[in-house]
Each structure stands twice: as structure tokens, then as C-alpha cells.
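The basis for the numbers below is simple: all heavy atoms, side chains too, and nothing from hydrogens, waters or symmetry mates.
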Amino acid sequence: MITNNFFIVAAIVIYLLVMLAIGFVFSKNNSNTEDFYLGGRKLGPFVTAMSAEASDMSSWLLMGLPGVAYLSGVCDAAWTAIGLGVGTYLNWLFVAKRLRRYSANIDAFTVPSFYSKRFHDDKNILNAICALVIVIFFIPYTASGFAACGKLFNSLFGVDYMAAMIVSAIVIVGYTIMGGFRAVSTTDFIQSCVMTLALVVVLGYGITVAGGMDAVMANAHSMAGYLSLNAMHDASTGSASSYGFITIISTAAWGLGYFGMPHIILRFMAIEDENKLVLSRRVASVWVFIAMFGAIFIGIVGNAVSKAGALEMLDGTSSETVVVRLAGLISQHGVLAAVIAGVILAGVLAATMSTADSQMLAAASSVSQNITQDFLKIKLDEKKSLTVARGAILVISLIAILLARDPNSSVFQIVSFAWAGFGGAFGALTLTALFWKRTTKEGAIAGVVAGGAMVFIWKFLVRPLGGAWNIYELLPAFIVSLVFIVVVSLCTKEPSEEIYKEFEAAK
């Protein structure tokens with residue numbers, strides 16, 4: 001077993017060293033802040049597509065989603081996946097090309113700067129508010145990634161949770177600080193390939209150990225509501241609970257979040273040629289649907305493996321480690337199997353790292369560019385600006401480590417809240433900024449503040465009331481933000497002719 005663990009660790013270490021090497025290589029290409037934040041708008045279509053989706057999926061794909069399916073069956077996980085899949089496609093279809101063109105026309109290379117320049121926010125108030133929202137919600141999002149790394153090594157090797165989390169954070173911070181956006185995008189592309197390999201191998205092995213596909217499906221059918229799309233399985237009682245229409249709409253509303261995800265829409269701004277976004281859309285959409293439903297099926301297969309006796313039954317605190325534990329079973333079949341298990345676990349790390357690096361970079365750009373230079377008017381040369389950005393990454397990562405120090409924190413729940421934050425604050429604004437020329441600066445500010453505030457209000461004050469109020473906070477926040485944007489825009493002075501000309505040029 002010690003030998004097997006050695007090869008698992010060796011595979012993971014090699015993988016991490018490759019990520020750091022990529023960061024070192026691209027560190028030589030960061031001559032200015034646009035290179036560091038946006039890669040000089042030189043991404044190819046495949047890297048754009050796969051890095052966007054890898055940075056989207058996070059540890060949620062290989063930990064959170066299989067864990068939910070393992071415990072409660074298909075329903076909750078499937079409606080979430082359907083909402084995300086549709087949201088992915090619509091985001092690429094409607095937002096990508098126009099945002100790429102618009103942001104290039106007005107010379108914006110961060111998401112807050114796009115909103116600010118779109119509305120000629122000379123005082124950079126909108127810029128600062130958007131940057132603050134990004135920092136507030138990206139810190140817990142990054143913390144969820146660090147927590148996933150800690151859980152991985154703790155559950156597999158018994159390594160101290162905090163130590164494992166800190167080492168993982170150091171690697172992620174290392175290549176992000178060195179290589180900037182192009183390093184992050186390139187590593188995300190590689191990580192999406194590793195994640196895909198992990199999904200395929202774990203599924204094939206799990207089905208075999210469970211006794212074949214018939215045994216997997218027989219186990220799923222034996223549990224009340226496990227394969228239903230309108231009921232959830234309750235593992236504690238063995239019964240099924242209703243999953244009504246309002247809950248379905250609420251869960252599928254995850255897809256609305258895509259329109260406001262800074263680390264995803266930033267990829268649209270970075271592609272070298274807007275016409276290549278068609279290929280990117282197709283690649284991204286296909287991969288997302290396959291990856292998410294593969295992850296859900298891993299949860300179903302993992303439950304069957306537990307029932308077959310090859311894996312202990314997992315509860316609410318351990319179900320998110322089902323992929324990790326299946327990889328542990330694989331490693332027991334010799335040296336080659338241990339190496340494969342190491343690659344699978346590297347895939348779990350990849351899912352985590354690909355999101356955490358993008359989030360830290362987006363948050364750092366908000367601090368160094370949008371708050372420090374644009375709003376506070378502190379003039380920095382290119383070298384000092386890069387230094388501030390890298391310092392911001394360090395500070396953000398330290399705060400994230402503090403937030404993630406509880407090993408019992410749920411990756412799924414943390415990601416859920418942060419996702420709602422971005423979708424509620426920025427989702428409606430992105431769409432109106434791109435498609436409704438009458439949107440005003442005042443309307444944009446009102447929409448961001450109202451949407452962001454509603455996420456907290458609904459999450460902590462309204463949703464606990466239960467019943468019909470138990471709706472995912474993203475949906476009411478998105479609606480409130482949209483209403484505020486429209487009403488306040490119509491009540492304030494019409495945009496200038498110059499803003500209208502810029503809007504028309506981006507069509």
C-alpha cells in the first residue's frame with residue numbers, strides 16, 4: 001500500500017510541477033497589465049472554450065455534483081446540470097461575440113472596466129462597486145477550491161487537512177502570480193483534459209466493481225425517488241420527498257449565473273478572433289453536458305459500489321469524496337493502477353485549481369486596476385501595477401485559506417452562494433449593457449447594488465422561512481437587479497449620442 005501511495009503522490013507531484021513550469025514559461029510574456037489580465041487577446045478557440053469551462057466547473061464537478069447524486073439521486077443534480085448546460089450555450093451564443101467586439105472597441109481588459117467604460121463612468125463609481133463585489137464573492141469561491149484540495153489529501157492519505165490545503169494553495173498562487181492570464185488559461189485547458197480522463201476512468205472502473213451496468217441500475221431503482229426528476233431520495237429514511245415545479249425552476253436558475261461570471265466572460269474578451277467563437281461555443285457546450293452528466297452518473301455508480309461492499313457507505317459529510325475513494329480502490333491493483341489513480345486525483349485537483357486561479361486573477365485585477373488606479377486615482381507604472389496585482393493575489397489567497405479552515409465546510413454550498421452572488425449582481429447588467437442601449441450608468445449601479453444585496457437578503461432572511469420561499473437566491477436576485485436597471489434607467493437622463501454610437505458599433 002505504501003508503494004501504491006508513493007506512485008499516486010509521484011503522479012500528483014509531477015502534475016503540479018508541470019503547472020508551475022507553465023507559469024514560469026508565460027511569466028516572460030507579461031510585459032504589461034493587459035498581458036497579465038487578458039493575455040493580450042491572443043487565445044485560440046480551443047483554449048478559450050476549454051479554459052472557460054474548466055474555470056467554471058471547479059471542484060464542484062468532481063466533488064460537489066457526484067456527492068449530491070450519491071446521496072439523493074438524480075433530481076437535484078440533474079436540474080442543476082440542465083440549467084447550467086443551457087446557460088452555457090446561451091452565454092456563448094448571445095454574449096461572447098458582442099462582448100469581445102465591444103470590449104476591444106472601448107479598450108476594456110477587465111470586467112469592471114468594461115461596465116465602467118460602456119457607461120462612460122468618469123468617476124469610476126460603477127467600476128469600484130463592481131470590483132468590490134468581485135472581491136467579496138471570489139474570496140469564498142476561492143476558499144471552496146482550497147477546501148476541496150484539503151479534503152482530497154486528508155481523505156486519501158490521512159494528511160493533515162490544513163497542511164494539504166496550504167500546500168495546494170501555494171502551488172495555485174505560484175503559477176498564477178508568475179504567468180498571469182495566459183498561464184491560467186493554458187493550465188485550465190490541460191486541466192480540462194485531465195478532468196475528462198478522470199471522469200472516464202472512474203466511471204468504467206466503478207461500473208465494473210459494482211457488478212456491471214445492470215447491477216448499478218438495479219441498485220438505483222431499488223431506492224425510492226433515486227432516478228426521478230420530480231422527487232429526491234432521502235437516505236436517512238429510505239423514502240422519497242417531492243421536488244415541485246417551483247424548486248425545479250429555482251434549481252435550473254443556476255444557468256442565469258453564467259451571464260455574470262467574471263472569470264468566464266473574461267475569456268470571451270481574450271480570444272484572438274471573434275469569428276472563432278463559433279467553434280469555441282460548440283466545443284464548450286458539448287464538453288459541459290458530457291462532463292456534468294458523467295459526474296452525476298459517478299455518484300450513482302459510487303452508491304452501487306458501496307452497496308456491493310467494495311466501498312463504505314458515505315454520509316452527508318463524506319459523500320463529496322466519492323471520486324477520491326474510488327481512485328483509492330483503483331490504486332490497489334498494482335503500480336500502473338496507482339499511477340492512473342494519481343492522474344485521477346490530479347483531475348480532482350485540476351477541477352479545483354482551474355477555478356481558483358481564474359478567480360484570484362479576476363479579483364486581483366479588480367483590486368490593482370479597478371480600485372487602486374481607476375477609482376482611487378493612484379498612478380502606477382506597468383511594473384508597479386503588476387506588483388500590486390500579485391500582492392493582491394497573495395492577500396486574497398490568505399483570506400481564502402482562513403475561510404476554508406473548517407474541513408466540514410460543503411464545497412457545493414459555498415460554490416452555490418458565490419455563484420448566486422455573481423449572477424445576481426452582474427447577470428442582468430451584462431445582458432442589458434450589451435442589448436439595451438437605453439441602459440444608463442445610474443441604472444447599472446442600482447442593478448449591481450440591488451442584485452448583490454438581494455443575494456444576502458434572500459439567503460439569510462427569506463429562504464429560511466421555507467415552503468414557497470425556499471428558492472435559490474440567484475433567481476430573485478437576478479429579477480430584482482433587472483427591474484432596478486430598467487426602472488432607474490428609464491427615470492434618469494438618456495445616454496449620450498457617443499454612447500449610442502459605441503453601442504451600435506458593437507452590434
Side-chain angles (χ1 to χ4, degrees), residues 55-65 67 130-155 159-174 176-177 184 257 260-263 316-318 320-321 348-349 351-368 371 389-426 452-453 455-460 463-464 472-474 477:
S55 67
D56 157 29
M57 287 294 108
S58 76
S59 52
W60 176 85
L61 178 68
L62 290 177
M63 295 188 77
L65 196 59
C130 291
L132 189 61
V133 170
I134 285 175
V135 172
I136 288 172
F137 287 108
F138 263 151
I139 288 176
Y141 213 146
T142 303
S144 74
F146 292 168
C149 292
K151 285 186 177 184
L152 188 156
F153 289 107
N154 176 260
S155 63
V159 176
D160 180 71
Y161 170 82
M162 278 295 294
M165 182 183 65
I166 291 172
V167 171
S168 302
I170 289 172
V171 173
I172 300 170
V173 170
T176 304
I177 283 179
V184 165
M261 291 299 132
H263 57 300
T317 60
S318 59
E320 290 185 342
T321 63
V348 179
L349 275 179
T352 302
M353 294 166 65
S354 61
T355 302
D357 55 19
S358 298
Q359 292 161 350
M360 287 191 295
L361 191 61
S365 69
S366 296
V367 173
S368 64
I371 295 177
R390 287 165 171 149
I393 290 174
L394 283 174
V395 173
I396 289 166
S397 64
L398 289 174
I399 297 173
I401 287 173
L402 290 175
L403 290 177
R405 64 186 182 277
D406 180 10
N408 294 319
S409 57
S410 168
V411 172
F412 189 91
Q413 293 301 321
I414 297 174
V415 170
S416 171
F417 180 68
W419 186 270
F422 289 120
F426 299 142
V455 171
F456 286 93
I457 293 169
W458 199 274
K459 170 74 173 178
F460 297 108
R463 196 172 183 183
Y472 180 34
E473 53 269 20
L474 171 55

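Rounding to the nearest 0.5 Å gives a distance of 15.5 Å between CZ of Arg463 and CD1 of Ile457. Here the CZ atom belonging to Phe137 is positioned 10.0 Å from the CE atom belonging to Met261, to the nearest 0.5 angstrom. One distance of note links CD1 of Ile134 with CD1 of Ile139; it measures 12.0 Å at 0.5 Å rounding.
Between Pro464 and Lys459, the closest heavy-atom pair is CD-O, 3.4 Å. Shown here for Trp419 and Gly257, the closest heavy-atom pair between the two residues is NE1-CA, 3.5 Å. Nearest heavy atom pair, residue Ala400 against residue Ala143, reads O-CB, 3.3 Å.
Looking at heavy atoms from C-beta onward, Leu474 lies out of side-chain contact with Phe422 at the 4.5 angstrom threshold. Contact annotation: the side chain of Phe417 approaches that of Val455 to within less than 4.5 Å [non-hydrogen atoms, C-beta and beyond].
Arg405 pairs by the side-chain contact (heavy atoms from CB on, under 4.5 Å) definition with Met162, Leu402, not counting sequence neighbours. Taking Ile136 as the reference, Leu132, Phe456 meet the side-chain contact (heavy atoms from CB on, under 4.5 Å) condition, with sequence neighbours excluded. For Phe426, the ring pair (Phe, Tyr, Trp, His ring centres under 6.0 Å) criterion is met by Tyr115, not counting sequence neighbours.
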